Amino acid sequence: MRSRGQNFANVLMGPGDYIDALLTGIDRTPGSEEVLRKVADLSSIDVYAIFDRSGREVFRSRSERYEWLLRDRPGGVSTGDKLSPSVVSQKGFWQIVHDDGETNPSVIMPLLRDGRAIGFLSVVADMISERHHYQTTLARTCTLLILIILAATCVPFMLYQLRRRKIAEADARIRFLADHDTLTQLLNRRRMQEACDQLLFKIRATRESVAFLYLDLDDLAEINDRCGQAQGDEILRLIARRLASCLGPDDLVGRIGPDDFAVVRRRVADHAAVLALARQMTEVIGEPIEIDGQVITPQISIGCALAPEHGRTHAELVKHAEIAHFHHKTDKQTPLVFFEPKMDEAMHRRRLIEAQIKRAIEGDGFELFYQPLVKGRDGSLVGFEALIRLRDETGGLISPTEFIPVAEARGYIKAIGTWVIREATRQIAQWPEPLFVSVNLSAVQFVDGDLVGIISDAMRAAGISGERLEVEVVESLVLERSKAILDQLYALKQLGISIDMDDFGTGYSSLGYLWRFPFDKLKVDQSFMKALENGEPNVKEIVATIVSLAHQMKMKVTTEGVETEEQARFLASLGCDQLQGFFFGKPLPATETAETFLVGYRGADRFGNRARDEARTLRIA
């Protein structure tokens, strides 16, 4: 307002003599008033008034008081207003601005000429637009400033919070991975042990009973071989979900091995409750799974140890539950097996056998015993079956029924089977032709697809032909009708090796095997001879049918378990090709076999369970 008032005063006091015309009322320049009004309008001056040197109003561009009546009247108006003496009496140049913040502001100042006041000027400016522009600019500036402040503070804060959340998520993920199995999302072994230890510490005060269940998936290796590792992992994930669905929120479940799981059930009332849980898990997990056109029916084995009855620490419970679990693998009559103290002795025996197997593999500690096979027609020697034996630390023999299951469970069968093949071929090469040796093959030996190479290398190293070697396979191996297995069997036949079906007459005994794969020989299981000795009905007819069927299909027949002369004569009357059993000789080490059966060997010799001389005179047919 000061600037605007001064600028208008400069116009009045300028060369146009505008001020003199307004003070005297004599307009020497035509249109001067009109010029001043235009200048006032351009300067947004709403009203201006001129006062003489005494402070009396002599000109006002328009009346604010009678605005409704007089507006911009030519010649102006005079309202008769006066300035106060205190204003008029001020010396020098001064300006008084009045602004109440609501109406238009005004300014009063003296009009000086040669240092003397010749009058006074009052200017009222229209500042509404300026006020609005100022307020708008200030509001925008404040808003922008606030946004800048928010951006300067909130954005870093949000970035900080986002980073903090990502760090927290990463920490949670790290903790989860540290405590859980990545495949099944169950607790891992370490976290399971920690949680179990914490629970066992609590139950010392609460005295509640806890069941620790150790379970595993049967035949996972076989499932992986059939379906592939990726599908086997998917089956494990599905089984883990099924297992977790059987448990309550207070129970613990974890994966503690490749196919081993542990379950802790709290507040166990009695054995029946645990049996019910095991039965539920067996049913839920055992539902068929279809993968790539193959149907898998999972089976589990479960062992249980109770706390504090069977142990007060995690290590004790795991040990005892695992022992019970091994017993359940061999006996599935109940949903699970509870630990009993006597089982610990059996487990100790199992560990000793496992250690002995390891030492035997590393130090060539196995032995082969040989049991003779004779012609059914005349009892003359035709070959031997190689039977593996293992001695304990005292030199006594460990039964194959004990150490073979342990070897299978621990994955030693392939190494043992390879040794048997090499040793049997080496030994038969030292004995007269055309005697042959028969060895048993495990399904595990077919898995890697290198069995044919192993056997052919052994035969080449021993310098024998395929006619001097027979291999025996069980029915369950052919039951799979796996192309890989059948291809290997056909390749063995191409080497001249005889393929024998062992233990025929037990298990499935499907006749379909006999025409799907051309076996060279059937071995009738020794259980038929036991049944014959016990006088069970129809045994003779069944054996006669098997012999006749095999002959019709161009296969030889060997009967195991012959222990009496009566049995031998009966089988000879049926035309059974070969006989094997204690009646002709027990399994003996290689040196004793040679001394007993091969000294002065002739192809027409006959043998029995008597001394050598008596065996020569024995006649079967």
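Just so it is clear, the model here is predicted, and its values are computed rather than measured.
Not a single donor-acceptor pair under 3.5 Å links the side chain of Asp500 to the backbone N or O of Asp502. Of the possible polar contacts, none joining the His328 side chain to the Ala324 backbone as a donor-acceptor pair under 3.5 Å is found.
Taking the side chain as every heavy atom from C-beta outward, Pro288 and Ile296 never approach each other to under 4.5 Å. Counting only heavy atoms from C-beta outward, the side chains of Val452 and Gln494 never approach each other to under 4.5 Å. Ile302 is not listed as a side-chain neighbour of Pro335, based on a closest heavy-atom distance of 4.5 Å or more. In this structure, Phe212 and Cys304 have side chains that are not in contact, with every pair of non-hydrogen atoms separated by 4.5 Å or more. At a threshold of 4.5 Å between non-hydrogen side-chain atoms, the residues Val264 and Leu199 count as touching. The shortest distance between side-chain heavy atoms of Leu397 and Phe369 falls below 4.5 Å. A 4.5 Å side-chain heavy-atom check between Phe446 and Val473 finds at least one atom pair inside the cut-off. Phe436 places none of its side-chain heavy atoms less than 4.5 Å from the side chain of Leu469.
Among all heavy-atom pairs drawn from Leu200 and Arg312, the shortest one is CD1-O, 3.7 Å. Across all their heavy atoms, Ala360 and Leu390 have their closest contact at CB-CD1, 3.6 Å. Among all heavy-atom pairs drawn from Ser301 and Lys332, the shortest one is OG-CE, 3.0 Å. Closest heavy-atom contact between Gly585 and Pro372: O-CD, 3.8 Å. For the residue pair Phe384 and Leu373, the shortest heavy atom distance occurs at C-CD1, 3.2 Å. Shown here for Cys246 and Leu277, the closest heavy-atom pair between the two residues is O-CD1, 3.8 Å.
The CD atom of Glu385 lies 11.5 Å from the OH atom of Tyr370; values are rounded to the nearest 0.5 Å. The CZ atom of Phe261 lies 9.5 Å from the CD1 atom of Ile256; values are rounded to the nearest 0.5 Å. Distance check, rounded to the nearest 0.5 Å: SG of Cys576 to CD of Gln567 gives 11.5 Å. Here CZ of Arg359 is found 15.0 Å from CG of Asp364. Values are rounded to the nearest 0.5 Å. Put simply, OG on Ser438 and CD1 on Ile497 are 11.0 Å apart, with the number rounded to the nearest 0.5 Å. One distance of note links CZ of Phe338 with CG of Leu306; it measures 6.0 Å at 0.5 Å rounding.
Taking a 6.0 Å sphere around CD of Glu566, one finds it holds 12 or fewer heavy atoms contributed by other residues, nucleotides or ligands. Crowding of Phe201 atom CZ: a count of heavy atoms from other residues, nucleotides or ligands under 6.0 Å not exceeding 12. Counting heavy-atom neighbours within 6.0 Å of Arg391 CZ, excluding the residue itself, gives a total above 12.
Within the cation-pi definition used here (under 6.0 Å to the ring centroid, within 45° of the axis), Arg389 does not qualify as a partner of Phe366. Remark: Lys586 is positioned above the aromatic ring of Phe582, its terminal NZ or CZ atom under 6.0 angstrom from the ring centre and at most 45 degrees off the axis.
In this structure, the salt bridge (charged side-chain N to carboxylate O under 4.0 Å, His left out) partners of Glu194, at least two apart in sequence or on a different chain, are Arg190, Arg191.
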Stepwise side chain to side chain contact (heavy atoms under 4.5 Å, CB included) check, Ile388 with Glu367
CA-CA 6 Å; Ile388 190 168; Glu367 295 182 55; over 6 Å; no
Derivation and outcome, salt bridge (charged side-chain N to carboxylate O under 4.0 Å, His left out), residues Glu208 and Lys202
CA-CA 9 Å; Glu208 66 176 280; Lys202 291 179 182 178; over 6 Å; no
Would Arg351 and Glu354 count as a salt bridge (charged side-chain N to carboxylate O under 4.0 Å, His left out) here? Give the steps.
CA-CA 5 Å; Arg351 293 194 181 98; Glu354 183 179 348; over 6 Å; no
Working note: Leu215 + His325, criterion side chain to side chain contact (heavy atoms under 4.5 Å, CB included); need CA distance, chi angles, decisive distance, verdict.
CA-CA 7 Å; Leu215 58 103; His325 156 265; 5.5 Å; no
Checking Thr558 against Leu522 for the side chain to side chain contact (heavy atoms under 4.5 Å, CB included) test, could you report, in this order, the C-alpha distance in whole Å, the side-chain angles of both residues, the deciding distance, and whether it holds?
CA-CA 6 Å; Thr558 298; Leu522 294 185; over 6 Å; no
Verify side chain to side chain contact (heavy atoms under 4.5 Å, CB included) between Asp218 and Ile300, making sure each step is shown before the conclusion.
CA-CA 5 Å; Asp218 297 340; Ile300 57 175; 5.7 Å; no
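The aromatic rings of His320 and Phe339 sit parallel to each other, their planes meeting at less than 30°, with 60° as the upper class boundary.
At a cut-off of 3.5 Å, with distance as the only test, no side-chain donor of Gln526 or Asp503 sits close to an acceptor on the other residue. Under 3.5 Å, the side chains of Gln578 and Lys521 contain a donor-acceptor pair of N or O atoms. The closest side-chain donor-acceptor pair between Asn440 and Ser442, if any, does not fall under 3.5 angstrom.
The pair Lys329-Asp216 meets the salt-bridge criterion, with a side-chain N (NZ, NE, NH1 or NH2) lying under 4.0 Å from an Asp/Glu carboxylate O. Salt-bridge check for Lys530 with Asp525: failed, with every basic side-chain N at 4.0 Å or more from each acidic carboxylate O. Electrostatic pairing of Lys556 and Asp520 does not count as a salt bridge here, judged by no charged N lying under 4.0 Å from a carboxylate O.
For the pairing with Arg255, the side chain to side chain contact (heavy atoms under 4.5 Å, CB included) check across Leu243, Leu236, Ile239 returns one residue only, Leu236. Evaluated for a side chain to side chain contact (heavy atoms under 4.5 Å, CB included) with Ile357, the options Ile398, Ile416, Ile404 yield exactly one hit, Ile416.
Screening residues 236-251 for side-chain hydrogen bond (donor to acceptor under 3.5 Å, both in side chains), with sequence neighbours left out, gives Glu234-Arg237, Asp250-Arg267, Asp251-Arg265.
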Do any side-chain atoms of residues 535-555 form donor-acceptor pairs under 3.5 angstrom with protein atoms, and if so which ones, sequence neighbours left out?
{"unit_1": "Thr545", "atom_1": "OG1", "unit_2": "Glu541", "atom_2": "O", "d": "2.8"}
{"unit_1": "His551", "atom_1": "NE2", "unit_2": "Asp577", "atom_2": "OD2", "d": "2.8"}

